[in-house]
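Below you'll find the structure, written out as structure tokens, and then a few comments.
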Amino acid sequence: MPMSQGERFVGAISSMKARAPVTGGNFGVWGGMFSTFDCAVKGWRQKEDAWNAIISGFMTGGCLALRSGPKSAFGSAVACGILLGVFEGVGVLLSRVFSEGQRPQMAPRESS
């Protein structure tokens, strides 16, 4: 007998509740490792720019996938670096779009 819509929803909620601690822990590990690499890269490069996050994402993705082998670790590192590059690019784009209204306007020319 097929499950009703309500039973499926309750099942989905209970599944999410069961997996929440694992998902939260994984996110915490990723965030901690990324922050560690980000601080290390900032110290090494002596710069504060988008490349720090991209490099840190690359290193984090690679380290987290090391147990799967070097090929998988490299693929994960590239994917994570690209993901962080997209995040940084969107951030730069949004900051430019929203700062357009903040630029000082030129005074109108007086006609003689």
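These numbers come from a predicted model, not from an experiment. Position 1 is the first residue of the sequence; numbering continues from there.
- Within the model, atoms CH2 of Trp51 and CZ of Phe58 stand 11.5 Å from one another, a figure rounded to the nearest 0.5 Å.
- When the side-chain contact (heavy atoms from CB on, under 4.5 Å) test is applied to Leu94, the partners found at least two apart in sequence or on another chain are Val90, Phe98.
- Checked by atom type and distance alone, the side chain of Ser56 pairs as donor or acceptor with a backbone atom of Asn52 at under 3.5 Å.
- The side-chain contact (heavy atoms from CB on, under 4.5 Å) search around Ala73 returns Ala65, Leu66, not counting sequence neighbours.
- Contact record, Ser14 with Gly11: OG-O, 2.9 Å, taken as the closest heavy-atom pair.
- Residue pairs meeting the side chain to side chain donor-acceptor pair (under 3.5 Å) criterion with at least one member in residues 15-32: none, sequence neighbours excluded.
- Side-chain contacts under 4.5 Å among hydrophobic residues (ILVMFWY), followed directly or transitively, place Val10 with no other residue at all.
- With sequence neighbours excluded, the residues satisfying side-chain hydrogen bond (donor to acceptor under 3.5 Å, both in side chains) with Glu48 are Lys42.
- For the atom pair CE (Met59) and CD1 (Ile54), the distance works out to 14.0 Å, reported to the nearest 0.5 Å.
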**Asked** Could you go step by step and tell me if Phe37 and Cys63 meet the side chain to side chain contact (heavy atoms under 4.5 Å, CB included) rule?
**Response** CA-CA 11 Å; Phe37 281 129; Cys63 284; 3.6 Å; yes
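- Under a 3.5 Å cut-off, the side chain of Ser95 and the backbone N or O of Val92 do form a donor-acceptor pair.
- Met16 shares a hydrophobic cluster with Phe9, Ile13; the chain of contacts runs through ILVMFWY side chains whose heavy atoms sit under 4.5 Å apart.
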